[in-house]
Amino acid sequence: MSNSIKIFAGNSHIEFAKLVAKRLGLELAKCVVLKYSNQETSVTIGESVRDEDVFIIQSGCGEINDHLMELLIMINACKTASARRITAVVPCFPYARQDKKDKSRAPITAKLVANMLTVAGADHVITMDLHASQIQGFFNIPVDNLYAEPSTLKYIRDNIEDYKNVVIISPDAGGAKRATAIADKLDLEFALIHKERKKANEVSRMVLVGDVKGRDCILVDDMADTCGTLGLAAKVLKENGANKVYAMVTHAVLSGKAIDVINKSVLERVVVTNTIPHDDKKLLCPKLDTIDVSSTFAEAARRTHNGESISYLFNYVPS
């Protein structure tokens, strides 16, 4: 069949790539990605991609620099092998937090990554819940920023008891827009936690703006890294009279002492998507729960291939 879909997977999240391929009724295309003893990355594309629609799935996680390099080389290998179109499917965009010059001599690394992907030969990028949606403007190629929000709403309706009596909380001012969107769609109240940082990954003080007394709370954020913010925020909510505190996060980075922080915190449950692999962490943390968003990426790939609109996915979970 001419111009069919070919799905390749890097080493960052092979299980996710398999879920996407299965949803599309395909097998992953043959590709060998390995490291030489001198740490150089070697990529061998194992089948023809001439005039094909290629999707390369690689998340920004784990050994992030190696995985980024793998993605760039795979894109370039397909480009020089005459692929018709190459879409980089990056569930969690690497370096997304370095998106602005917030202090003297700070690099805008997210822009550098965008340039690298474009120069390597990517024609299109599909990602989810960018740390700042303006990152789309760093590219001169189309970028589809999917949202975990529809899947999050479905999870809340299906799994949170008496969710109509819940307050949606943003753990910082930057996430207020995300949290208010969920609160509005569920017709719930919204509160905000103002935090002050001494330095990166270290919060000094938190102040709650809003009333949570006698209510269950859901903390909403795009990324859980060291989980210091979530742990402290949950403690502040409890001190202000909240009943149960849940957390809903898109990207489960869970680095450093994150699992220890979650286990010792007053959080009832931490619900994350599978944009980043975390099965090993679930074994250590019974509070972790997973939402599978592979169907959203599979449907985005199918609609992209067929030239259909993907705006449907901004509000609905594919059935």
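We use all heavy atoms of the structure for the numbers below, so side chains are in, but hydrogens, waters and symmetry mates are not. Starting from 1, each residue takes its place in the sequence as its number.
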Task: Any side-chain donor near an acceptor of the partner, D222 and T250, under 3.5 Å - done: no

TODO: To the nearest 0.5 Å, tell me how far N76 CG sits from K79 NZ.
DONE: 9.5 Å

- [ ] Nearest 0.5 Å please: distance from the CE atom of M74 over to the CD atom of Q58.
- [x] 6.5 Å

TODO: Can you measure from OG1 (T290) to NZ (K281) and round to the nearest 0.5 angstrom?
DONE: 11.5 Å

Open item on the list: Just checking F314: does its CZ atom have more than 12 heavy atoms from other residues, nucleotides or ligands closer to it than 6.0 angstrom?
Closed with: yes

Open item on the list: Using side-chain contact (heavy atoms from CB on, under 4.5 Å), reason through K18 and L28 one step at a time and then give a plain yes or no.
Closed with: CA-CA 7 Å; K18 285 178 179 173; L28 288 178; 3.7 Å; yes

Open item on the list: Less than 4.0 angstrom from a charged side-chain N to a carboxylate O is my criterion; do D187 and K164 meet it?
Closed with: no

Task: Gap between atom OH of Y246 and atom OH of Y155 - 0.5 Å precision - done: 8.5 Å

TODO: Evaluate the side-chain contact (heavy atoms from CB on, under 4.5 Å) criterion for residues T44 and C31: first the C-alpha distance (whole Å), next the side-chain angles of each, then the deciding distance (0.1 Å), finally the verdict.
DONE: CA-CA 6 Å; T44 307; C31 178; over 6 Å; no

Open item on the list: Tell me the closest heavy-atom pair linking P91 and F297, and the distance in Å.
Closed with: CA-CZ, 3.7 Å

TODO: Any chance you could lay out the side-chain contact (heavy atoms from CB on, under 4.5 Å) test for E63 and K35, step after step, and finish with the verdict?
DONE: CA-CA 13 Å; E63 295 176 345; K35 263 190 191 177; 4.1 Å; yes

Task: Closest non-hydrogen atom pair between I262 and C227, with its separation - done: CD1-SG, 3.7 Å

Open item on the list: Closer than 3.5 angstrom, by distance alone: can the side chain of S170 be matched with the main-chain N or O of A176 as a donor-acceptor pair?
Closed with: yes

Task: Residue pair V249 / L230, side-chain heavy-atom distance below 4.5 Å - done: yes

Open item on the list: Please check: side-chain N/O of D216 versus main-chain N/O of K244, any donor-acceptor pairing under 3.5 Å?
Closed with: yes

- [ ] Without swapping roles, check the side chain of Q98 against the backbone of Y95 for a donor-acceptor pair under 3.5 Å.
- [x] no

Open item on the list: Salt bridge check, R302 against E308: does any charged N sit closer than 4.0 Å to a carboxylate O?
Closed with: yes

TODO: Find out whether T87 and H305 are in side-chain contact, i.e. whether some heavy atom of one side chain is under 4.5 Å from a heavy atom of the other.
DONE: no

- [ ] Please check if the side chain of S59 supplies one atom and the backbone of T275 the other of a donor-acceptor pair under 3.5 Å.
- [x] yes

- [ ] State yes or no: do L219 and V266 share one hydrophobic cluster built from I, L, V, M, F, W and Y residues joined by side-chain heavy-atom distances below 4.5 Å, directly or via other members?
- [x] no

Open item on the list: If I compare all heavy atoms of L71 with all of L117, which pair ends up nearest, and what's the gap?
Closed with: CD2-CD2, 3.6 Å

Task: Side-chain heavy atoms of R157 within contact of L186, under 4.5 Å - done: yes

Open item on the list: Looking at E268, I'd like to know if its CD atom is crowded, meaning that more than 12 non-hydrogen atoms belonging to other residues, nucleotides or ligands lie closer than 6.0 Å.
Closed with: yes

Open item on the list: Are more than 12 heavy atoms, taken from residues, nucleotides or ligands other than K238, located less than 6.0 Å from that residue's NZ atom?
Closed with: yes

Task: Derivation of the side-chain contact (heavy atoms from CB on, under 4.5 Å) call for F16 and V293 - done: CA-CA 9 Å; F16 186 81; V293 291; 4.1 Å; yes

Task: Any side-chain heavy-atom pair of N274 and E15 under 4.5 Å - done: no

TODO: May I ask whether I57 and V33 are part of the same hydrophobic cluster, defined by side-chain heavy atoms of I, L, V, M, F, W, Y residues being less than 4.5 angstrom apart, directly or through others?
DONE: no

- [ ] Say whether, by atom type as modelled, one donor and one acceptor occur between the side chain of H251 and the main chain of M128 under 3.5 angstrom.
- [x] yes

TODO: Decide whether V272 and L19 are clustered together by the hydrophobic rule: side chain heavy atoms of Ile, Leu, Val, Met, Phe, Trp, Tyr closer than 4.5 Å, transitively.
DONE: no

Open item on the list: Using every non-hydrogen atom in the two residues, find where I45 and A77 come nearest and quote the distance to one decimal.
Closed with: CG1-CB, 3.8 Å

- [ ] Identify the two heavy atoms, one from P318 and one from R23, that lie closest to each other, and give their separation to 0.1 Å.
- [x] CB-NH2, 3.5 Å

Task: Heavy-atom neighbours of D102 CG exceed 12 at 6.0 Å - done: yes

TODO: Would you check if V167 and L188 make a side-chain contact, meaning some heavy-atom pair closer than 4.5 Å?
DONE: no

Open item on the list: Looking at D53 and R84, is any side-chain nitrogen of the basic one under 4.0 Å from a carboxylate oxygen of the acidic one?
Closed with: no

Task: Exam field: side chain K6 to backbone S48, donor-acceptor pair closer than 3.5 Å - done: yes

Open item on the list: Same cluster or not: F190 versus L153, using hydrophobic residues (I, L, V, M, F, W, Y) connected whenever any side-chain heavy atoms lie under 4.5 Å apart?
Closed with: no

Open item on the list: Tell me if a side-chain donor or acceptor on E52 pairs with a main-chain N or O of S4 at a distance below 3.5 Å.
Closed with: yes

Open item on the list: How about CE on M223, more than 12 heavy atoms from neighbouring residues, nucleotides or ligands closer than 6.0 Å, or not?
Closed with: yes

Task: N145 side chain to L130 backbone, donor-acceptor under 3.5 Å - done: yes

TODO: Taking the side chain as every heavy atom from C-beta outward, state whether Y312 and E299 have any atom pair closer than 4.5 Å.
DONE: no

- [ ] Indicate whether any N or O donor in one side chain lies under 3.5 Å from an N or O acceptor in the other, for Y163 and D158.
- [x] no

TODO: From the options I156, D292, I291, select the one residue that forms a side-chain contact (heavy atoms from CB on, under 4.5 Å) with S151.
DONE: I291

Task: Polar side-chain atom of E149 near backbone of A181 as donor-acceptor pair, under 3.5 Å - done: no

Task: V20 side chain reached by S294 side chain, heavy atoms, under 4.5 Å - done: yes

Open item on the list: Same cluster or not: F8 versus I5, using hydrophobic residues (I, L, V, M, F, W, Y) connected whenever any side-chain heavy atoms lie under 4.5 Å apart?
Closed with: no

Open item on the list: Nearest 0.5 Å, please: how far is CD1 in I7 from CG in L26?
Closed with: 5.0 Å

Task: Short side-chain to backbone donor-acceptor contact, K287 and L267, under 3.5 Å - done: yes

TODO: Compare all side-chain heavy atoms of R85 with those of T304 and state whether any distance is below 4.5 angstrom.
DONE: yes

TODO: Any chance you could measure D66, atom CG, to T41, atom OG1, to the nearest 0.5 Å?
DONE: 5.5 Å

Task: Over all atoms of both residues, closest heavy-atom pair of I259 and L254 - done: CD1-CD1, 4.2 Å

